[in-house]
Protein chains: 2
Amino acid sequence: MTEPADPAQIHGAIDTVEGVLALFRAGGGRVTSSRRLLLHALFDEPRDRTAEEIAAEIQTNSPDVNLSTIYRNLDELERLGVVVHSHLAHGPATYHLAALAHGHLVCESCGTTIEAPPDLFSGLSRSAQSRYGFQIHPYHFAVVGRCQLCHKQSHRNNIPH
Amino acid sequence: MTEPADPAQIHGAIDTVEGVLALFRAGGGRVTSSRRLLLHALFDEPRDRTAEEIAAEIQTNSPDVNLSTIYRNLDELERLGVVVHSHLAHGPATYHLAALAHGHLVCESCGTTIEAPPDLFSGLSRSAQSRYGFQIHPYHFAVVGRCQLCHKQSHRNNIPH
DNA sequence: TTTCCTGCAAATAATTTGCAGAACT
DNA sequence: AGTTCTGCAAATTATTTGCAGGAAA
């Protein structure tokens with residue numbers, strides 16, 4: 001289970017728990033209860049969560065599932081194209097289903113996160129492509145800045161930048 | 001030395017070692033040899049470097065300057081508006097003079113970093129502003145993606161995304 | 001001579017890894 | 001039976017912090 005896999009070529013849908021489990025099996029992997037639990041957690045609550053938050057939820061019912069198992073399986077799911085993770089400002093990464101990928105605008109003053117639809121990045125995407133041949137993945141790292149409220153406040157108090 | 005400072009209001013230029021040292025003094029801080037050494041390192045070699053790289057350079061001549069002092073003074077310089085730091089893909093943050101701030105496109109396959117001029121982000125900047133009132137700082141986190149070469153290779157080998 | 005700054009060691013946070021046993025197929 | 005997975009503890013990486021002594025003003 002370490003070769004890159006192309007989901008499109010392997011029988012098994014990426015949008016249901018059983019479909020993803022089939023993907024694991026198809027790649028020589030095994031269907032285990034921690035994998036099933038993790039997938040249920042991801043599909044049941046599709047918002048961005050840290051590995052720790054996902055682990056905590058699973059552990060309320062299944063306390064023996066270890067955080068390192070969560071990390072290992074999230075990595076595996078990312079390789080399979082089922083989940084993606086994002087780095088918001090400082091602090092831990094957040095994970096969510098790849099189908100729900102979106103950009104993030106994070107205020108560096110108050111920490112508020114705005115979830116941005118993919119089209120917000122289409123201009124940047126085109127410029128990076130045409131100028132550098134670079135294909136951006138606007139979901140992986142947050143775009144940091146100041147939200148409206150904090151921007152106004154910093155002006156009022158003469159705080160630079 | 002913990003209140004926010006507005007460089008525009010304090011006498012002392014931000015673009016020379018002595019000017020910045022004057023800024024420290026003006027804020028009630030002290031001019032120390034580690035601060036002078038750090039500023040020389042930053043002005044002499046204005047490319048992006050990690051705290052560790054900067055420390056290593058300083059330590060070739062002054063082995064007693066500690067890494068934690070470098071971190072503390074880089075933070076202080078950032079508060080003064082003299083340096084900024086960026087998070088490239090994974091790994092440590094890099095620091096450079098604020099006057100030379102620029103965006104980064106980092107290839108997640110090969111790690112290559114493209115330094116992007118501010119105008120690459122002007123479209124995104126406008127959209128984020130008009131849609132959300134959000135003022136982006138495109139320098140703090142890298143924009144991740146695939147460079148031209150890796151993008152082609154991944155297509156050739158059918159590696160997803 | 002008082003406050004600030006520094007070196008050193010230890011703490012922290014997030015994640016990764018080694019290993020021996022347990023669980024899939 | 002033979003791999004693959006898992007739990008647990010320990011390692012790692014990047015950075016921060018506490019503290020007591022040393023240096024600037």
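Residue numbers begin at 1 in each chain, while the letters A, B, ... track the order of the sequences. None of the values given here were measured: they were computed from a predicted structure.
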Out of [options], which nucleotide sits closest to the side chain of [X]?
X        : options                  : value
Ala93(A) : dT15(C), dT6(D), dT6(C)  : dT15(C)
Thr69(A) : dA25(D), dC5(C), dT6(D)  : dT6(D)
Pro92(A) : dA14(D), dT15(C), dT6(D) : dT15(C)

Could you tell me how far apart [X] ([atom1]) and [N] ([atom2]) are, to the nearest whole angstrom?
X        : N       : atom1 : atom2 : result
Leu37(B) : dA23(D) : CG    : P     : 15 Å
Asp64(A) : dA9(D)  : CG    : P     : 12 Å
His87(A) : dT13(D) : NE2   : P     : 17 Å
Glu78(A) : dT15(C) : CD    : C1'   : 14 Å
Leu74(A) : dT16(C) : CG    : C1'   : 14 Å
Arg36(B) : dA23(D) : CZ    : C1'   : 14 Å
Phe24(A) : dT25(C) : CZ    : C1'   : 16 Å
Asn66(B) : dT15(D) : CG    : P     : 15 Å

_Steps toward side-chain hydrogen bond (donor to acceptor under 3.5 Å, both in side chains) verdict (Arg49(A), Thr94(A))_ = CA-CA 5 Å; Arg49(A) 279 174 300 174; Thr94(A) 61; over 6 Å; no

_Pair Ile70(A)-Ile58(A), side-chain contact (heavy atoms from CB on, under 4.5 Å): steps then yes or no_ = CA-CA 10 Å; Ile70(A) 305 286; Ile58(A) 293 174; 3.7 Å; yes

*asked:* Using a strict threshold of under 4.0 Å (side-chain N to carboxylate O), is an ion pair present between Arg36(B) and Glu18(B)?
replied: yes

*If you draw the axis of the six-membered ring of Phe24(B), does the NZ or CZ of Arg30(B) fall within 45° of it and under 6.0 Å from the ring centre?*
no

Pairs under 3.5 angstrom, nitrogen or oxygen only, protein versus nucleotides 20-22 of chain C, please.
none

_Tell me which pairs pass salt bridge (Lys or Arg N to Asp or Glu O under 4.0 Å) where either residue lies in residues 111-130 of chain B, with sequence neighbours left out._
Arg131(A)-Asp119(B)

_Chi angles and distances behind the side-chain contact (heavy atoms from CB on, under 4.5 Å) call for Leu21(A), Thr16(A)_ = CA-CA 9 Å; Leu21(A) 290 173; Thr16(A) 64; over 6 Å; no

*Taking only residues two or more places apart in sequence or in another chain, which ones pass side chain to side chain donor-acceptor pair (under 3.5 Å) with Gln129(B)?*
Gln135(B)

_One character per nucleotide, please: for nucleotides 16-22 of chain D, 5' to 3', B when the base has a protein heavy atom closer than 4.0 Å, S when only the sugar-phosphate does, - otherwise._
BBB----

_Quick check on the hydrophobic clustering: are Leu120(A) and Val144(B) connected, directly or via other members, by side-chain heavy-atom contacts under 4.5 Å?_
no

*Using the ring-ring contact (aromatic ring centres under 6.0 Å, His included) rule, take His140(A) and His87(A) through it: C-alpha gap first, then chi angles, then the decisive distance, then the call.*
CA-CA 6 Å; His140(A) 194 78; His87(A) 298 277; 5.0 Å; yes

*asked:* Nearest heavy atom decides the nucleotide; on that basis, is Gly91(B) or Ile70(A) closer to the 5' end of DNA chain D?
replied: Ile70(A)

*Does the pair Val20(B) and Leu42(B) meet the rule for a side-chain contact (heavy atoms from CB on, under 4.5 Å), with working shown?*
CA-CA 12 Å; Val20(B) 177; Leu42(B) 289 168; over 6 Å; no

*All ring-ring contact (aromatic ring centres under 6.0 Å, His included) counterparts of His96(A), not counting sequence neighbours*: His102(A)

*Is any side-chain N or O of Asn73(A) closer than 4.0 Å to OP1 or OP2 of dT6(D)?*
yes

*Specify the residues of residues 46-56 of chain B, ordered by number, for which at least one heavy atom lies under 4.0 angstrom from an atom of DNA chain D.*
none

*Taking all non-hydrogen atoms of both residues into account, name the closest pair between Gly81(B) and Ile14(B) and its distance.*
O-CD1, 3.6 Å

